[in-house]
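What follows is a set of notes on a single structure, which appears directly below.
Not measured: the values here are computed from a predicted model. Throughout, protein chains are lettered first and strands after them, A, B, ... in sequence-line order, and every chain is numbered starting at 1.
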Amino acid sequence: MSTVADDLHHDDHHDHKPSGIKRWLYTTNHKDIGTLYLWFAFIMFLIGGAMAMVIRAELFQPGLQIVDPNFFNQMTTVHGLIMVFGAVMPAFTGLANWMVPLMIGAPDMALPRMNNWSFWILPFAFLILLSSLFLEGGGPNFGWTFYAPLSTTYSNDSTALFVFSVHIMGASSIMGAINVIVTIFNMRAPGMTWMKMPLFVWTWLITAFLLIAVMPVLAGAVTMVLTDKFFGTSFFDAAGGGDPVMFQHIFWFFGHPEVYIMILPAFGIISQIVPTFSRKPLFGYSSMVYATTSIALLSFIVWAHHMFTTGMPLFAEMFFMFATMLISVPTGVKVFNWVATMWRGAISFEVPMLFALAFIVLFTLGGFSGLMLAITPVDFQYHDTYFVVAHFHYVLVTGAVFSIMAAVYYWLPKWTGKMYDETLAKWHFWCSLISVNVLFFPMHFVGLAGMPRRIPDYSLQFADFNQWISIGGFAFGLSQFIFLALLLKACRKEGEPVSDKVWDGAEGLEWEIPSPAPYHTFETPPVVK
Amino acid sequence: MSEQQYQKYYVPAQSPWPFVGAVALFLIAVGAGNFVIETTKGKEGFGGWILLAGLVVLFYMLIGWFKNQIDESMSGMHSEQLGRSYRQGMSWFIFSEVMFFAAFFGALFYARVIAVPWLGGASNNAMTAEVLWPGFEAIWPLVKTPDGTTTTAMGWFGLPLANTIILLTSSVTAHFAHVALEENKRGRLKLMLGLTILLGLCFLGLQVEEYVHAYREMGLTLQSGVYGNTFFMLTGFHGLHVTLGTLLLIIMFFRVLKGHFSPQNQFAFQAASWYWHFVDVVWVLLFVFVYIL
């Protein structure tokens, strides 16, 4: 039992950090694991971004110049997979790891060892996925949605590796989500009642529920792809009594809640930042909670709006159209509340607030194009065009990714104890904001004019817009190196020391602990009044 | 909660086991992926060995991690609050398993209610059926697929019914084992837990016999169209879960023999028994939707 005694002894050292590589490999500390998640997500963001650069370089001109179509397909596929499972989701999990215990006054996550496990399986999963690109025949080339029969009859052998790497990503998400949900249920400080929880905690609680509900369905889908491709089953093959459309139903039953998994934590972040820099409490707190819950529940009954053109009875098309349009109600409540929070507030424009404002405007734009896509008859025109690409990049890049950047700027001083380099931060924001719109806005036009997505070549009349799009893309890619430079400076603890509260309008438990946040916090829970 | 009542939440110090577990999953995924490619495409490689190595590392990790966990639990470091974390964690894990089975049940219902009737011309598919698969008959169980593969349907009477009774009984014995633990009747606990394990093993044995019978005599295989697919994937994944559940119960049995668990300290036992009940409920659904209906 001596090891156990050592452990107890160890815990008594308040701020003792283990050193060396073992600190990171064996850690059970939510802050260390949060940092690992965030750096991993950023590295994946750069790798996935590099793939986007390949795509944009090929699409700079009509015709085939740089890569062959098979490689182009691998780039679109792996870019999507990396950005969804490697960048956005781990970044949110990293933020949850860092902030949820601090915001609810918990000493750590509820299950610290499983927390470490759920992180460390992720780099391995992506190692498998990325290395499959170098195999004979190449990596996955069927789009991140891996529709059958592209992923079954027509895919290459590396599909088996794709399947197992997705299994690991799913296991990681499920364990991460279980940890978040149990932490929130069981670790809140005395007095931290449900309706006192910060909205970031609320939105993550609901996100975690969605994750546990749908990641296993994704696991089921990839398993059926595996057996269809390698073991002679015919789930997605009409000749054996199955149906390729069934794949789409199963996939999007996962896929649509997945979309909200990538945006609900963003809503939480924006709901933390806007009140701080407006120096007013959040307008309509409880309506925010109910809106988030309704969005999550609705997300389970709208999946087939991704499939309007694949063949469904008219009744189903109508049902999924109306259910989808219902989602704009709670989402509208949220946007209204953010704007109402700012109304007559003493607003200041620090970088987190700039990103939050850009989020509100540009995410709403992405929401509107989503509403257009939800209308079945017109979706027949938009389906599989660049209009769809424009839509989901507005909600994912200027939505989810901008919110993550806002969150990093907002909480970085708390993590490092130093203010980030404000000049670099402003450059990062303005370069990103301008380039991202040059990149994605013209996609609406080429999409409406009929340019199909996922094709390495296009008709000549789209050439001018595509050059603009590519220039915007390269500029947006380069802008992220400003962010990298800023983060490296922050890690070297450069900058002005900050107060515990950091921002003068900030409210919440995370601002009551010292800056930088000590290695262990709230070992005795605070009492929330 | 006043200051006196508060018991410090145990945050474990560094542990190598999660990282070892990550390496194990990496080896398993790489190994399984290559093994699948090699065996089905007739290629040479080390996939099987990598998979085996991964499983060995996984077992090493489980032993180490469980030992660590048991030591902590036995030395009273687990507060009531931590116990709640474990219980809630286990419940959510079981919920995720429910959703995994839901995907396959969904495939079964979709195939049965939508895909197969459509292939036979239902809804507005009369011409499609006529042109693509003339003569195809949309019935369930689908004993003849559109491309002409034939098979026979598994009945529910006989072995499947016996297995249902066995598994339901085992859920009852598992419950009595738990009651015995609550009442601190160790003899009865050992007896009931032992019976549960035996029933679990019987179930698995009969399941193997059923598969052999299906493959050798009925021509019902994993490749027999969507009926065979859903039959083997659902019962197969269920069988894997029974195997895991039985393993967990066996570990619990040895811990009971060593004198572990008390009415106050019994999370692992409870988790294993919840898992067992879950596996039982899935079987009841399977029996109704795969065998009877």
Atom NZ in B/Lys41, atom NZ in A/Lys229: separation rounded to 0.5 Å? 4.5 Å

Aromatic rings A/Trp120 and B/Phe19: how do their planes relate, parallel, tilted or perpendicular, breaks at 30° and 60°? perpendicular

Looking at every non-hydrogen atom in both residues, tell me the closest pair between A/Ala160 and B/Ile37 and how far apart they are. CB-CG1, 3.7 Å

Only pairs of heavy atoms separated by less than 4.5 Å count here; which of B/Pro16, B/Ser224, B/Ala32 has the most with chain A? B/Pro16

Between A/Phe124 and B/Val23, is any pair of side-chain heavy atoms under 4.5 Å apart? yes

With only heavy atoms counted, which part of A/Ser132 is less than 4.5 Å from chain B, the side chain, the backbone, both or neither? neither

Heavy-atom cut-off 4.5 Å, strictly under: side chain, backbone, both or neither for B/Ser15 against chain A? both

Side chain from CB out, backbone as N, CA, C, O: work out which of these in A/Leu226 comes under 4.5 Å of a heavy atom of chain B, or both, or neither. side chain

Is chain A contacted by the side chain of B/Leu119, its backbone, both, or neither, given a heavy-atom distance below 4.5 Å? side chain

What distance separates A/Ile184 CD1 from B/Gln88 CD, expressed to the nearest 0.5 Å? 11.0 Å

Which of A/Val245, A/Thr233, A/Val217, A/Asp243 touches chain B most, by non-hydrogen pairs under 4.5 Å: A/Thr233

Using heavy-atom distances under 4.5 Å, tell me whether A/Phe254 contacts chain B through its side chain, its backbone, both, or neither. neither

Backbone of A/Ala110 reached by a side-chain donor or acceptor of B/Tyr9 within 3.5 Å: yes

Derivation and outcome, side-chain contact (heavy atoms from CB on, under 4.5 Å), residues A/His249 and B/Ile114: CA-CA 12 Å; A/His249 281 291; B/Ile114 296 175; over 6 Å; no

Given side chains that start at C-beta, do those of A/Leu161 and B/Asn34 come closer than 4.5 Å, heavy atoms only? yes

What part of A/Leu218 lies closer than 4.5 angstrom to a heavy atom of chain B: side chain, backbone, both or neither? neither

Among B/Leu222, B/Val116, B/Leu142, which residue has the highest count of heavy-atom pairs closer than 4.5 Å to chain A? B/Leu222

I'd like to know whether OH of B/Tyr215 has more than 12 heavy-atom contacts from other residues, nucleotides or ligands below 6.0 angstrom. yes

Would you say B/Phe95 and A/Phe209 make side-chain contact, with heavy atoms under 4.5 Å? yes

Heavy-atom proximity to chain A below 4.5 Å, by part of B/Lys144: neither

Go through A/Ala213, A/Ala219, A/Gly311 and name the one with the most non-hydrogen pairs under 4.5 angstrom from chain B. A/Ala213

Flag side-chain contact, heavy atom, 4.5 Å: B/Phe93 against A/Ile212: no

So which atom in B/Ala115 and which in A/Gly241 form the shortest heavy-atom distance, rounded to 0.1 Å? CB-O, 3.9 Å

Tell me, side chain or backbone of B/Met61 under 4.5 Å from chain A's heavy atoms, or both, or neither? side chain

Which atom pair, heavy atoms only, marks the closest approach of B/Val11 to A/Pro107? CG2-CB, 4.4 Å

Should A/Arg113 and B/Asn68 count as side-chain neighbours, where that means a heavy-atom distance under 4.5 Å? yes

In the structure I gave you, are the side-chain heavy atoms of B/Met99 and A/Val214 within less than 4.5 Å of one another anywhere? no

May I ask you to test the B/Val30-A/Phe164 pair for a side-chain heavy-atom distance under 4.5 Å? no

Minimal heavy-atom distance between A/Ile168 and B/Ala29, with the atoms involved, is CD1-CB, 3.4 Å

May I ask you to check whether over 12 heavy atoms, not counting those of B/Tyr275, lie within 6.0 Å of atom OH? yes

Look up atom CG in B/Asn229 and atom CG in A/Asp237, then write down how far apart they are to the nearest 0.5 Å. 9.5 Å

For chain A, which candidate among B/Ala138, B/Gly148, B/Gly228, B/Ala107 shows the most heavy-atom pairs at distances under 4.5 Å? B/Ala107

Out of B/Pro146, B/Ala24, B/Gly33, return the one with the most heavy atom pairs under 4.5 angstrom to chain A. B/Pro146

So, does B/Gln14 use its side chain to make a donor-acceptor pair with the main chain of A/Lys22 at under 3.5 Å? yes

Top contributor to chain A contacts, counting heavy-atom pairs under 4.5 Å, from B/Tyr227, B/Trp118, B/Trp17: B/Trp118

Side chains of A/Trp117 and B/Trp65: does their closest heavy-atom pair fall under 4.5 Å? yes

When rounded to the nearest 0.5 Å, the distance separating OG of B/Ser96 from CE of A/Met175 is 10.5 Å

Which one wins on heavy-atom pair count under 4.5 Å against chain B: A/Asp108, A/Thr27, A/Asp157, A/Ile250? A/Asp157

At a 4.5 Å cut-off on heavy atoms, which part of B/Leu25 comes close to chain A: side chain, backbone, both, or neither? both

Return the CZ to CE distance between B/Phe109 and A/Met246, rounded to the nearest 0.5 Å. 12.5 Å

Can you tell me how far apart CD1 (A/Ile178) and OG (B/Ser85) are? Round to the nearest 0.5 Å. 12.0 Å

